[in-house]
Amino acid sequence: NAGVTQTPKFRVLKTGQSMTLLCAQDMNHEYMYWYRQDPGMGLRLIHYSVGEGTTAKGEVPDGYNVSRLKKQNFLLGLESAAPSQTSVYFCASSTRDPQNIQYFGAGTRLSVL
Amino acid sequence: KQEVTQIPAALSVPEGENLVLNCSFTDSAIYNLQWFRQDPGKGLTSLLLIQSSQREQTSGRLNASLDKSSGRSTLYIAASQPGDSATYLCAVRPRGAGANNLFFGTGTRLTVIP
C-alpha cells in the first residue's frame, strides 16, 4: 500500500534556482494539500486542490505555484527559491468529506542556500 | 484566525507511566480535531479523530477527549512504552470558510525512558 508518495526526499538548492516537488496518491482521493513545517511552528497550508484541474491558496501561498493535471498527482513548484523557503514539505490527500482523515506523505526536506 | 497551542513542548517519562498531552484552540467553530503522531524523518500518522459532536474517542491505549466549548483536547496514553516516543500533534478543522485548512499545533515531543 503506497498511499501518498513524495519525491524527492531531500534537495539542496541555491537561491534563485527552481524546482518541482511531486506528490502522488493511489487512494483515488479528491482532495490534495501541500504543507510546510518549520521549527517552532505548526504545519501551515500552502495550496490545496479539491479536484483535477482546480487549485486554491492556503495560508502561506506566496512564492509557490501548484498544478493538478491528473487526479493522483499534485505538483508544488518554486520558481525562484529563497532561503526563507528552507523547510520540510508535506503532501496530504483526503476524500471530499470534511470529516475525513488526511493521509500524509513522508515529506521532502528542502534547503535553500 | 484559529490558533492551536500544545503544552508541554517536550515531555520525558519512565516506561509504564500514564500521561496526558494537552491541546487548546481559540475558535470553537470546528468540524473535528485530530491527533497525529510524527516520527523523526517521517510523515504524520493519524491516531484519533474526534468529531465536533463527540466528547471522546479511544483506540487501544490511547484516549482523546474534546471539550469544544472551552477549546481544549487531551490525549491520554496509558502504560507508556518506549515505542510511544515521538512528536504528537493536534490539528483542528474549522467550520465555514477555511474548512479545507487544518490548523496544527507545534507538537509535544514525548520520550519514554526504558
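All figures in this text were calculated on a predicted structure; none of them were measured in a lab. We name chains A, B, ... by the order of the sequence lines, and we start the count at 1 in each one.
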Would you compute the distance between atom OG1 of B/Thr106 and atom CE of A/Met41 and round it to the nearest 0.5 angstrom?
10.0 Å
Following the transitive rule for hydrophobic clusters with a side-chain heavy-atom cut-off under 4.5 Å over Ile, Leu, Val, Met, Phe, Trp and Tyr, establish whether A/Val60 and B/Phe104 coincide in one cluster.
no
Kindly work out whether a path of hydrophobic side-chain contacts (I/L/V/M/F/W/Y, heavy atoms less than 4.5 Å apart) joins A/Phe74 to A/Phe90.
no
Which atoms of A/Tyr103 approach chain B - backbone, side chain, both or neither, heavy atom under 4.5 Å
neither
Could I get the full list of ring-ring contact (aromatic ring centres under 6.0 Å, His included) partners for A/Tyr64, not counting sequence neighbours?
A/Tyr89
Are A/Tyr33 and A/Leu43 connected into the same hydrophobic cluster when the rule is that any two of I, L, V, M, F, W, Y join if their side-chain heavy atoms are below 4.5 Å apart?
yes
Would you say B/Val4 and A/Ile46 are hydrophobically clustered, going by side-chain heavy atoms of ILVMFWY under 4.5 Å?
no
Close contacts, residues 33-54 of chain B versus chain A, judged by heavy atoms under 4.5 Å
B/Gln34, B/Phe36, B/Gln38, B/Gly41, B/Lys42, B/Gly43, B/Leu44, B/Ser46, B/Leu49, B/Gln51
Side chain to side chain contact (heavy atoms under 4.5 Å, CB included) for B/Leu102 and A/Tyr35? Distances and angles first, verdict last.
CA-CA 10 Å; B/Leu102 284 182; A/Tyr35 292 90; 3.6 Å; yes
Under 4.5 Å from a heavy atom of chain B, the part of A/Val50 involved:
side chain
Quick one: of A/Gln6, A/Arg44, A/Glu59, A/Lys9, who has the most non-hydrogen atom pairs under 4.5 Å with chain B?
A/Glu59
To the nearest 0.5 Å, what is the distance between CZ on B/Phe103 and CG on A/Leu45?
8.5 Å
Could you work out, with side chain to side chain contact (heavy atoms under 4.5 Å, CB included) as the rule, every residue matching A/Pro39, not counting sequence neighbours?
none
Tell me whether A/Leu76 shares a hydrophobic cluster with A/Val88, the cluster being built from Ile, Leu, Val, Met, Phe, Trp, Tyr side chains joined at under 4.5 Å.
no
For chain A, which residues from residues 57-85 of chain B have at least one heavy atom closer than 4.5 Å to it?
none
